[in-house]
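The structure appears below as structure tokens.
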Protein chains: 2
Amino acid sequence: MAKQGETEQKPLRKGMLEKRQAILKGARAVFGRDGYTRASIDAIAAEAGVSSRTLYNHFGDKEGLFRAVLMDSSVAVTTAQQALLERHFHKFRDPEADLYDLAVEWVGGTETHPEHFALVRQIIAEASRLPLDVLREWQRIGPKATRAALRGHLLEAGRAGLLAIDEENADRATRHWALFTAGAVQTESAQGALPLEPEVFERLVREGVELFLGLYGKPQS
Amino acid sequence: MAKQGETEQKPLRKGMLEKRQAILKGARAVFGRDGYTRASIDAIAAEAGVSSRTLYNHFGDKEGLFRAVLMDSSVAVTTAQQALLERHFHKFRDPEADLYDLAVEWVGGTETHPEHFALVRQIIAEASRLPLDVLREWQRIGPKATRAALRGHLLEAGRAGLLAIDEENADRATRHWALFTAGAVQTESAQGALPLEPEVFERLVREGVELFLGLYGKPQS
DNA sequence: TAGTGATTACAACGGTCATTGTAATTTTCG
DNA sequence: CGAAAATTACAATGACCGTTGTAATCACTA
């Protein structure tokens, strides 16, 4: 009766977890490369080095697998981005230089996790055919979590007197940071569909940081 | 020998053009609704009220049809957006009010042509599997053409003394307009995947226009 | 080491779909 | 009208794919 794909509670056995993660990893690659519809179960199983039957035993069906992959990948990327924020704000002294360094890595996230963002492009294209709660859940554990972390760091920098940011404008500042840096690059590259020359990339990022500092930088800096 | 799907030169006969456009229209709807892979040729033929064989006679194969649909749709949307620009800049007097009106319609373009932008989301998701020249051609007759028109109008408004825009900063101003208005809304709505509350939409647009005027508005206005 | 559960190989089913050939039919143009 | 071209209905082909059942094998745990 109880399908094992829906609510896994106890992967008691030892090897199961490894199999499971191998499948998730392989599926992330294949889904990202081929898209949901073109990606065949057999191809995923082969990529993961696993029998296709095992895959069904773990995730029920293709849609369940995709959901699991999306959430797993989102958590991984969010964690990475949050670590990146920690790292940069830890040594945050000179707004201009430090924010530029952050921006370069921040925006480069799309190239650091290409499979994940290919996945995101898939769900955006198929959004109207996906359950709304899947989309909301993705937003919650993905972009929104990242932004919340960013907001916290910006606020802290504001309290430290390094940026003109307080509770009043923190939301807007967070949104503007994302828009001026990642948003600018993504708009210009058609969400990463077209390649962007490095010089253009750098100019956009630099411009975005300047824009941000023009709004939220302290006069004396 | 000569496939008819590649380089159509002379649709001599009368009815052919109507059939062709019926197919393009139907294909645009079905491709936009179901995506490239899920959209079946039979479904498109039915939607267009045409035999599937006729469809093959016109466009060669599915990929050729998709290409034709994309270009056709891009031209249509570009034309519409350019007309929109004409209309607004024709009566351009008060930067604040007029730019806000323009922005609302400009950004609303994604909802005025839903099928087209669904198509765009498809090609963005499948970009790595599409020939690069198709992507470049789309950019040329689509977004880039629209931006060129916008640039012209902004420059004219600059020459008229209504905006602080000249040859020097026209490119950047054009990019910023797109980023602050449409870019802001698209970033927030995950490229239109998630629904956006009207109040949020309006706030984003208003904020974008203010941002733009802060950079390119004349002091006295 | 014995037993339990996970994994595997294998085969099969049912369905969908792009594409093509063909002969009949309709439309268009001179 | 009459020829040429376009369209249609129809059937068929070949391929791919999600999913399931089954029996044998393997890995882990007790």
Side-chain angles (χ1 to χ4, degrees), chain A residues 1-27 30-31 33-69 122 126 129-130, chain B residues 1-27 30-31 33-69 122 126 129-130:
Chain A
M1 288 298 134
K3 298 289 176 65
Q4 53 272 75
E6 307 301 328
T7 58
E8 307 89 13
Q9 292 290 40
K10 308 173 183 178
L12 286 174
R13 294 304 226 266
K14 207 178 80 180
M16 281 190 72
L17 231 159
E18 299 165 18
K19 292 281 176 191
R20 185 186 179 82
Q21 283 171 343
I23 296 172
L24 286 174
K25 184 177 172 182
V30 179
F31 275 139
R33 187 192 318 127
D34 298 346
Y36 177 78
T37 1
R38 304 170 110 99
S40 82
I41 295 287
D42 286 336
I44 294 171
E47 176 90 17
V50 157
S51 147
S52 74
R53 201 63 177 80
T54 301
L55 193 150
Y56 277 101
N57 289 339
H58 273 268
F59 299 98
D61 61 4
K62 196 179 183 182
E63 193 187 315
L65 174 61
F66 184 79
R67 254 199 278 263
V69 167
Q122 299 293 334
E126 307 225 18
R129 261 156 282 121
L130 255 42
Chain B
M1 289 295 139
K3 298 291 175 63
Q4 54 273 73
E6 306 301 327
T7 60
E8 306 90 12
Q9 290 292 40
K10 309 173 182 177
L12 285 175
R13 297 302 225 265
K14 209 178 78 181
M16 281 189 72
L17 232 160
E18 300 165 19
K19 294 279 177 192
R20 185 187 179 82
Q21 283 171 342
I23 296 173
L24 287 174
K25 184 177 172 183
V30 178
F31 276 138
R33 189 192 317 129
D34 299 345
Y36 177 78
T37 1
R38 305 171 113 98
S40 83
I41 295 286
D42 286 336
I44 295 172
E47 176 90 15
V50 158
S51 148
S52 73
R53 202 63 176 77
T54 300
L55 193 149
Y56 278 99
N57 289 338
H58 274 267
F59 298 98
D61 59 5
K62 195 179 181 180
E63 194 187 314
L65 174 61
F66 184 81
R67 256 200 277 263
V69 166
Q122 299 292 333
E126 307 225 18
R129 260 157 283 121
L130 255 40

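Predicted model only: the values in this text are computed from it and were never measured. Reminder, nothing fancy here: chain letters follow the sequence lines and each chain counts from 1.
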**OP:** Look at the side chain of B/M16 and decide which nucleotide, out of D/dT22, D/dA6, D/dT19, has an atom nearest to it.
**Re:** D/dA6
Original post:
Taking atom P of D/dA6 as reference, at what distance in whole Å does atom CG of B/L55 sit?
Top reply: 16 Å
Subject >> Axis-to-axis angle between the two ends of the helix from C/dT1-D/dA30 to C/dG30-D/dC1 (five base pairs per end, rounded to 10 degrees) >> reply: 30°
Subject >> B/R129: salt bridge (Lys or Arg N to Asp or Glu O under 4.0 Å) partners, not counting sequence neighbours >> reply: B/E126
Subject >> Protein-nucleotide distance (B/F66, atom CZ; C/dA18, atom C1'), rounded to Å >> reply: 16 Å
**OP:** By nearest nucleotide on DNA chain C, pick out whichever of B/E63 and B/E18 is the more 5' one.
**Re:** B/E63
Original post:
Contacts to DNA chain D from residues 34-42 of chain B, heavy-atom cutoff under 4.0 Å, which residues?
Top reply: none
Original post:
A/K62 side chain: which of D/dT19, D/dT7, C/dT8 is closest?
Top reply: D/dT19
Original post:
Would one find a side-chain N or O of A/H58 under 4.0 angstrom from OP1 or OP2 of C/dA6?
Top reply: no
**OP:** Return no unless some side-chain N or O of A/K19 is found under 4.0 Å from OP1 or OP2 of C/dT8.
**Re:** yes
Subject >> Selection from D/dG18, C/dT8, C/dG21 that lies nearest to any side-chain heavy atom of A/R53 >> reply: C/dT8
Original post:
Tell me: CG of B/L17 to P of D/dA6, nearest whole Å?
Top reply: 13 Å
Original post:
Is the shortest heavy-atom distance from the side chain of A/F59 to the side chain of A/I41 under 4.5 Å?
Top reply: no
**OP:** Rounded to the nearest angstrom, tell me the gap between atom CZ in A/F31 and atom P in D/dG18.
**Re:** 9 Å
Subject >> A/A39 versus A/V30, closest heavy-atom pair with distance >> reply: CB-CG1, 3.7 Å
Original post:
Are the side chain of B/K62 and the backbone of B/Y36 linked by a donor-acceptor contact shorter than 3.5 Å?
Top reply: yes
Original post:
How long is the gap from OG1 on B/T54 to CE on B/M16, to the nearest 0.5 Å?
Top reply: 9.5 Å
Original post:
When the distance from CZ of A/R20 to C1' of D/dA27 is rounded to whole Å, what number comes out?
Top reply: 19 Å
Original post:
Can you tell me if the side-chain N/O atoms of B/S51 get under 4.0 Å from OP1 or OP2 in D/dA9?
Top reply: no
**OP:** List the atom of A/D42, the atom of A/S52, and the distance in Å for their closest heavy-atom pair.
**Re:** OD1-CB, 3.7 Å
Subject >> Minimum-distance pair of heavy atoms, taken over all atoms of B/I44 and B/I23 >> reply: CG2-O, 4.5 Å
Subject >> B/R33 vs B/R38 side-chain heavy atoms within contact, under 4.5 Å >> reply: no
Original post:
Do the side chain of A/K19 and the main chain of A/A48 share a donor and acceptor less than 3.5 angstrom apart?
Top reply: no
Original post:
Quick one: B/N57 CG to C/dT26 P, roughly how many Å, whole number?
Top reply: 18 Å
Original post:
Think A/T54 has a side-chain N or O under 4.0 angstrom from the OP1 or OP2 of C/dA6?
Top reply: no
